[in-house]
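Contents: one structure, followed by commentary.
Letters go in sequence order (proteins before strands), and every chain restarts at 1. Just the heavy atoms: all of them, side chains too, but no hydrogens, waters or symmetry mates, feed the values below.
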2 protein chains.
Amino acid sequence: MNRQTTNGGHADGTVGKALDVMDLVAARGRPVRFAELLAESDHPKATLYRLLQTLTNQGMLTYDEARQTYAPGLRLVRLAHAAWQQSSLAPIARPFLDALSEQVGETIHLAQMDQGQVLYVDKRNARKPIDMFSEAGKIGPGYCTGVGKAMMAFLPEDDRAKAINMQAFFAHTPRTLTDAEALERELDAIRAEGVSFDREEHEQGIICIAAPILSATGRVMGALSITTSTQRNTLDGLEKLRPALTETATKIAEAAESWQFPG
Amino acid sequence: MNRQTTNGGHADGTVGKALDVMDLVAARGRPVRFAELLAESDHPKATLYRLLQTLTNQGMLTYDEARQTYAPGLRLVRLAHAAWQQSSLAPIARPFLDALSEQVGETIHLAQMDQGQVLYVDKRNARKPIDMFSEAGKIGPGYCTGVGKAMMAFLPEDDRAKAINMQAFFAHTPRTLTDAEALERELDAIRAEGVSFDREEHEQGIICIAAPILSATGRVMGALSITTSTQRNTLDGLEKLRPALTETATKIAEAAESWQFPG
DNA sequence: AATAAGGTTTCATTATTTGGAACAATCCGA
DNA sequence: TCGGATTGTTCCAAATAATGAAACCTTATT
């Protein structure tokens, strides 16, 4: 037996440590100084220093000599291109998102699960043109977004338990579910219902309906949501969009399964 | 003295090897089997196997159990979001690209240099909406694209020499420059001229004019190009767009320098 | 000029990676 | 159904690379 499952705990080997450092740099969202990183990482000075050097050499980080700061490197952009095309639903789902966007005229998100968090891989704005990398690649919490709850609800039991454990419950709004028990009950309800709602749990005034994208075998591939504001629409109004949403989710699932690379 | 410069040769340490494997997987552009990778990498079986396991554990690769294939993982997409925002000119350049696109009505590329290759970080199509990750993150050759030549021309002498060495000259068309000497002469001319042209060197019927984006100190930050086809326009026609192009390049450079992160 | 803070290098110790070879599982043609 | 490939996985002693405390530079600060 082997563990092919996703790394819940920490680091295997040097590579793991290096990648943790990558995350640390990326998480900051701005160029970081050595000392800042040192404060957060629990590696000794010399170790962290060498990891940073290696990553910089490899183009995974860039180092600004003038300001003495590290930032994520362009090699990532190149690699991500491949990842987005191959491992995300986005390229397959694109035409379906376009159609749904046209039909409902609201903001649409396509998301997948990554390390207990929601990773947005594509988006359509209510009207405006789409926003490149600045939107795709964004992450969000699992426990208080429509897509997050939709995906977690349909995870196999043990994966679901792991995912719940990874949540860092924080009360973004008065309606946020702030503990594992409440979340579990909600997920049961979602599983029964087939879709999930975000009832202003992440942001005041923002609501959404979301559906999981499930493979024929029931595996969670991702989730799809329609988002709006309480000023434009209501939860009941979103409920009316449910058929369009679930149909699109089904179509994406089918397309993904049938297209699995020619060869 | 230290080597902070980019890795021209190969691997430092385990991390380097792991990242090489990442490249190998990403380069294929489709899910890969263990044996395929084994054939190309010069690592022994067991070593490659463990590297793949580590990367999979880390979410840098995904493993499809059914098909026994590896593909780039979603963790990359998350990291790339940060990279694109912080290390690329794209977020800063966006409004300028929009304006230029509006003005000239042709395809526009924003590129940066990565390991001797051209990395496209943003794009505007002649008319259609833009194309997310499917366009950003793409790579192209340095020696036969307008942006590639524009950037190489303005590199410091030793970096330029390195970059030229990394080119894998291939005659895409009869007009492609196919050796280092021809390329060097061309780069001299470009440096004198201030802009570069792609005279159907990469693809028959496709021409472009490109300008480097240079910092106040003369460092190459990227390049900007306007692309068209010989059916729509001519090299002389592109020459007329030169002022718009170089002005935009200058504006982007200024914006990039003045905005260098508040803090 | 002295002190502090941030960053870089050294080197003996320690832990991880290595890879040949044995092992298991799966596929294929007869 | 049976060999014989082919492909993927595990072992373990030897080789190698990572470690981190401390010393050492190098800029800022007073």
Side-chain angles (χ1 to χ4, degrees), chain A residues 1-7 9-25 28 30-58 60-71 73 260-261 263, chain B residues 1-7 9-25 28 30-58 60-71 73 260-261 263:
Chain A
M1 288 295 99
N2 67 346
R3 293 257 136 274
Q4 197 70 276
T5 353
T6 328
N7 172 11
H10 291 230
D12 33 357
T14 317
V15 176
K17 284 173 212 165
L19 292 172
D20 282 352
V21 172
M22 281 299 316
D23 274 346
L24 213 58
V25 176
R28 284 272 161 172
R30 59 178 177 76
V32 220
R33 287 266 265 306
F34 178 87
E36 296 185 69
L37 293 171
L38 184 57
E40 288 197 61
S41 103
D42 33 32
H43 297 293
K45 232 196 212 184
T47 301
L48 179 63
Y49 179 73
R50 265 169 298 116
L51 285 173
L52 288 169
Q53 286 234 125
T54 304
L55 289 168
T56 304
N57 270 328
Q58 294 294 330
M60 296 292 282
L61 295 176
T62 52
Y63 181 66
D64 181 332
E65 302 210 20
R67 293 159 202 271
Q68 300 190 135
T69 54
Y70 296 90
Q260 296 279 44
F261 272 98
Chain B
M1 289 294 100
N2 66 347
R3 293 257 136 274
Q4 197 72 276
T5 353
T6 327
N7 171 12
H10 290 230
D12 33 356
T14 317
V15 176
K17 285 173 210 162
L19 292 173
D20 282 352
V21 172
M22 281 299 315
D23 274 346
L24 213 58
V25 176
R28 284 271 161 171
R30 61 179 177 74
V32 220
R33 286 262 263 308
F34 178 88
E36 294 185 71
L37 293 171
L38 184 57
E40 287 197 61
S41 103
D42 33 33
H43 297 294
K45 231 199 219 182
T47 302
L48 179 63
Y49 179 72
R50 266 170 296 112
L51 285 174
L52 288 169
Q53 288 234 123
T54 304
L55 289 168
T56 304
N57 270 327
Q58 294 294 330
M60 296 293 282
L61 295 177
T62 52
Y63 181 66
D64 181 333
E65 301 211 19
R67 292 158 203 271
Q68 299 190 136
T69 54
Y70 296 89
Q260 294 280 47
F261 272 99

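One finds the CG atom of B/L38 at 9.5 Å from the CG atom of B/L52 (value rounded to the nearest 0.5 Å). Taking CG of B/L19 as the start and OG1 of B/T14 as the end, the distance is 10.5 Å to the nearest 0.5 Å.
Remark: P of C/dA25 and CZ of B/F34 are 17 Å apart, rounded to the nearest angstrom. Spacing between atom CG of A/L55 and atom P of D/dA18 amounts to 12 Å, rounded to whole angstrom units. One interatomic measurement links the two molecules: CG of A/L52 to P of C/dG7, which rounds to 11 Å at whole-angstrom precision. In this structure, the OH atom of B/Y49 is 15 Å from the C1' atom of C/dA22, given to the nearest Å. Spacing between atom CG of B/N57 and atom P of D/dT9 amounts to 13 Å, rounded to whole angstrom units. What separates CZ of A/R67 from P of C/dG7 is a distance of 15 Å, to the nearest Å. Taking atom CG on A/L48 and atom P on C/dG6, their separation rounds to 14 Å, with Å as the unit.
Listed pair A/Q68 / C/dG7 meets the phosphate criterion, a side-chain N or O lying under 4.0 Å from OP1 or OP2. Of the side-chain N and O atoms in A/R33, one or more sit less than 4.0 angstrom from OP1 or OP2 of C/dG7.
Electrostatic pairing of A/D64 and A/R67 counts as a salt bridge here, judged by a charged N lying under 4.0 Å from a carboxylate O.
The aromatic rings of B/F34 and B/Y49 sit perpendicular to each other, their planes meeting at more than 60°, with 30° as the lower class boundary.
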Between N or O atoms, less than 3.5 Å apart, protein on one side and nucleotides 13-20 of chain C on the other: list the pairs.
| from | atom 1 | to | atom 2 | distance (Å) |
| --- | --- | --- | --- | --- |
| C/dT17 | OP1 | A/T14 | N | 3.2 |
| C/dT18 | OP1 | B/K17 | NZ | 2.9 |
| C/dG19 | OP2 | B/T47 | OG1 | 3.2 |
| C/dG19 | N7 | B/R50 | NH2 | 2.8 |

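A search for salt bridge (Lys or Arg N to Asp or Glu O under 4.0 Å) contacts involving A/E36 returns A/R28, A/R30, not counting sequence neighbours.
Of all non-hydrogen atoms in A/M22 and A/M60, the two that sit nearest each other are CE-O, 3.4 Å.
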